[in-house]
Student: 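The structure that follows is given in the form of structure tokens.
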Amino acid sequence: QVQLVESGGGLVQAGGSLRLSCAASGRTFSNYVMGWFRRSPGKEREFVAAITRNGINTYYADSVKGRFAISRDNVKNTVFLQMNSLKPEDTAVYYCATSRSEGGTYSYSGRYSDWGQGTQVTVSS
């Protein structure tokens with residue numbers, strides 16, 4: 001099992017930026033695909049971004065493509081989500097998660113086994 005702790009959330013005005021971090025411990029971090037998901041009040045949890053084990057390949061939801069960037073540091077056991085040009089509809093609790101397998105559909109939440117507790121992002125208009 002991998003323990004995940006997200007940080008970096010907060011309140012920001014529309015058009016602003018935030019950088020989320022997710023620190024992992026407990027297992028070999030580089031063995032895992034990492035994903036970011038979010039949940040807004042009254043909505044289902046939705047996929048945001050994913051990054052492969054070596055950090056070369058990244059995947060994004062259409063709603064964040066061109067605005068968000070996922071990256072990882074396998075030495076520091078941390079995955080990041082740089083969020084730019086934020087919109088009020090980006091307001092949500094953001095979660096990071098691990099997946100042991102590569103390939104297939106990264107937006108499918110069922111493939112992820114470990115989840116963090118989440119960090120709140122609020123974008124004001």
Side-chain angles (χ1 to χ4, degrees):
Q1 189 176 2
V2 178
Q3 290 76 48
L4 302 171
V5 178
E6 301 96 337
S7 61
L11 174 64
V12 64
Q13 287 189 329
S17 298
L18 282 174
R19 189 191 195 206
L20 305 184
S21 299
C22 171
S25 62
R27 296 282 184 174
T28 304
F29 179 69
S30 58
N31 286 346
Y32 294 88
V33 167
M34 297 300 298
W36 283 98
F37 286 75
R38 66 186 182 187
R39 178 176 280 154
S40 305
K43 294 186 177 181
E44 297 285 324
R45 180 171 54 190
E46 65 171 341
F47 170 76
V48 176
I51 187 167
T52 51
R53 294 168 181 150
N54 58 12
I56 291 177
N57 295 307
T58 56
Y59 305 86
Y60 297 94
D62 288 343
S63 59
V64 307
K65 204 170 290 183
R67 299 188 298 120
F68 290 12
I70 187 171
S71 61
R72 67 189 296 163
D73 185 333
N74 284 347
V75 174
K76 295 184 178 179
N77 294 345
T78 303
V79 62
F80 305 97
L81 186 68
Q82 178 67 43
M83 305 187 296
N84 300 325
S85 302
L86 282 161
K87 304 175 181 180
E89 51 263 44
D90 294 318
T91 294
V93 178
Y94 284 73
Y95 302 88
C96 62
T98 65
S99 173
R100 283 302 303 268
S101 61
E102 285 198 338
T105 304
Y106 290 107
S107 60
Y108 172 54
S109 63
R111 69 181 294 157
Y112 295 88
S113 51
D114 304 298
W115 295 80
Q117 84 291 345
T119 186
Q120 175 71 48
V121 171
T122 303
V123 184
S124 63
S125 56

Student: In sequence, state the C-alpha distance, the side-chain angles, and the governing distance for R111 and S101, and then conclude on side-chain hydrogen bond (donor to acceptor under 3.5 Å, both in side chains).
Tutor: CA-CA 8 Å; R111 69 181 294 157; S101 61; 3.2 Å; yes
Student: Using 0.5 Å steps for rounding, measure from the CD atom of Q82 to the CG atom of L20.
Tutor: 8.5 Å
Student: Are the side chains of R27 and T98 in touch, meaning some heavy atoms are under 4.5 Å apart?
Tutor: no
Student: Test of understanding: with side chain to side chain contact (heavy atoms under 4.5 Å, CB included), list the residues that count as partners of N54, not counting sequence neighbours.
Tutor: T52, I56
Student: Measure across S40 and A92 and return the closest heavy-atom pair with its distance rounded to 0.1 Å.
Tutor: OG-CB, 3.5 Å
Student: Let me check something: do V48 and V121 share a hydrophobic cluster, defined by ILVMFWY side-chain heavy atoms less than 4.5 Å apart, either directly or through other members?
Tutor: yes
Student: Roughly how far apart are C22 SG and E6 CD, rounded to 0.5 Å?
Tutor: 5.0 Å
Student: Quick check: is M83 connected to V79 through a chain of hydrophobic side chains (ILVMFWY, heavy atoms under 4.5 Å apart)?
Tutor: yes
Student: Give me the atom names and distance for the closest heavy-atom approach of R39 to Y95.
Tutor: CB-CE1, 4.3 Å
Student: Atom CE in M34, atom SG in C96: separation rounded to 0.5 Å?
Tutor: 5.0 Å
Student: By side chain to side chain contact (heavy atoms under 4.5 Å, CB included), which residues pair with S21, not counting sequence neighbours?
Tutor: S7, T78, F80
Student: Minimum heavy-atom separation for S17 to N84, with atom names?
Tutor: OG-OD1, 2.9 Å
Student: Can you list everything that forms a side chain to side chain contact (heavy atoms under 4.5 Å, CB included) with Q1? Sequence neighbours excluded, please.
Tutor: Q3, D114
Student: Excluding sequence neighbours, so at least two apart, what forms salt bridge (Lys or Arg N to Asp or Glu O under 4.0 Å) with K65?
Tutor: D62
Student: Nearest heavy-atom pair of L81 and A49: which atoms, and what distance?
Tutor: CD1-CB, 4.2 Å
Student: Partners of D90 by side chain to side chain contact (heavy atoms under 4.5 Å, CB included), sequence neighbours excluded?
Tutor: R38, R67, F68, L86, K87, Y94, V123
Student: Given side chains that start at C-beta, do those of Q120 and T91 come closer than 4.5 Å, heavy atoms only?
Tutor: yes
Student: Can V93 be reached from L4 by stepping across I, L, V, M, F, W or Y side chains whose heavy atoms are under 4.5 Å apart?
Tutor: no
Student: Among pairs that include at least one residue of residues 100-125, which meet ring-ring contact (aromatic ring centres under 6.0 Å, His included), considering only residues two or more places apart or in two chains?
Tutor: F37-Y112, F37-W115, Y59-Y106
Student: Report whether L18 and I51 are members of the same hydrophobic cluster (ILVMFWY, side-chain heavy atoms less than 4.5 Å apart, transitive linking).
Tutor: yes
Student: Please find the pair of heavy atoms, one from A24 and one from F29, that lie closest to each other, and give the distance.
Tutor: CB-CD1, 3.4 Å
Student: Would you compute the distance between atom OG of S109 and atom CD of E46 and round it to the nearest 0.5 angstrom?
Tutor: 11.5 Å
Student: How long is the span from the CZ atom in F47 to the CH2 atom in W36, to the nearest 0.5 Å?
Tutor: 12.5 Å
Student: Would you name the heavy atoms of R53 and S30 that are closest together and state the gap between them?
Tutor: CB-O, 3.3 Å
